[in-house]
Amino acid sequence: MKNIHINEIEIQQYVLGKDDFDISIIEHINHCQKCKAEVELYKLLFAEIKKEPNPVFEFDLANLIMQQLPEKQNYAIDTFLIALLFGFLITTLSILIYKTNQYFPTLFTGISTIQFSLIVVTIILISIFLYADMNKNYKNKMIFLQP
């Protein structure tokens, strides 16, 4: 049995029925009148707290929040502009490739195989790191959007 009184946290855990306290606490509560009185006081306090009605807003919180949210934007114009830009890019690249087709066979003849390999590996690694970073940022942003 403890010679000193148990603290309020242990008494509250005992009253709430938590199972992570020591057997000596139960023995102390059974033998100590002061701690037994505090246990009864906390039981009464917790019972009265449970009797209290749940707080209710006097206004429609959902309606107030919905009014502050921006309206859904129309993305059809943005999609059209992106498709138009993509089409223009493909057309420009096609014309460029058609006009410079005679130079492609000799494009990489001035670069050794090792230099070309290093350039390709560097481009691939940078692309992988950029993709991983974009994917991580996207997932972080999606966490905040979930209800």
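Note that the numbering runs from 1 along the sequence shown for the chain.
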Same cluster or not: Leu44 versus Val39, using hydrophobic residues (I, L, V, M, F, W, Y) connected whenever any side-chain heavy atoms lie under 4.5 Å apart? no
What residues, two or more places apart in sequence or in another chain, satisfy side chain to side chain contact (heavy atoms under 4.5 Å, CB included) together with Leu85? none
Treating Asn101 as the side-chain partner and Ile97 as the backbone partner, does any N or O pair qualify as donor plus acceptor under 3.5 Å? no
For Lys50, enumerate each residue passing the salt bridge (charged side-chain N to carboxylate O under 4.0 Å, His left out) test, keeping only those at least two apart in sequence or located in another chain. none
Say you draw a straight line from CD of Gln13 to CD1 of Ile6; how long is it, rounded to the nearest 0.5 Å? 10.0 Å
Please list, chain by chain and in numerical order, all residues satisfying side chain to side chain contact (heavy atoms under 4.5 Å, CB included) with Lys99, sequence neighbours excluded. Ile95
Nearest-0.5 Å distance that lies between atom CD1 in Ile26 and atom CD in Glu10: 11.5 Å
Could you work out, with side chain to side chain contact (heavy atoms under 4.5 Å, CB included) as the rule, every residue matching Leu93, not counting sequence neighbours? Leu89
Considering only heavy atoms from C-beta outward, does the side chain of Val15 approach that of Gln12 to under 4.5 Å? no
Interatomic distance, Cys35 atom SG to Leu41 atom CG [nearest 0.5 angstrom]: 12.5 Å
Enter the distance from Ile11:CD1 to Leu16:CG here, rounded to the nearest 0.5 Å. 12.0 Å
Can you tell me how far apart CD1 (Ile111) and OG (Ser117) are? Round to the nearest 0.5 Å. 10.5 Å
Which pair of heavy atoms, one from Leu118 and one from Thr122, lies closest together, and at what distance? O-OG1, 2.6 Å
With Glu8, which residues qualify under side-chain hydrogen bond (donor to acceptor under 3.5 Å, both in side chains), at least two apart? Tyr42
Residues in side chain to side chain contact (heavy atoms under 4.5 Å, CB included) with Ile124, at least two apart? Val120, Ile128
For Glu48, all residues meeting salt bridge (charged side-chain N to carboxylate O under 4.0 Å, His left out), sequence neighbours excluded: Lys51
Mind checking who shares a hydrophobic cluster with Phe86, ILVMFWY linked at side-chain heavy-atom distances under 4.5 Å? Ile90
Determine which pairs satisfy ring pair (Phe, Tyr, Trp, His ring centres under 6.0 Å) with at least one residue from residues 112-134, sequence neighbours left out, and list them in order. Phe108-Phe116
Under a 4.5 Å cut-off applied to non-hydrogen side-chain atoms, are His31 and Lys36 in contact? no
Could you state the interatomic distance from NZ (Lys43) to CG (Leu45), rounded to the nearest 0.5 Å? 13.5 Å
Counting heavy atoms not belonging to Ile9, are there more than 12 under 6.0 Å from its CD1? no
Is it true that, when you exclude Leu130 itself, more than 12 heavy atoms of the residues, nucleotides or ligands shown sit nearer than 6.0 Å to its CG? yes
Residues in side-chain hydrogen bond (donor to acceptor under 3.5 Å, both in side chains) with Lys34, at least two apart? Glu38
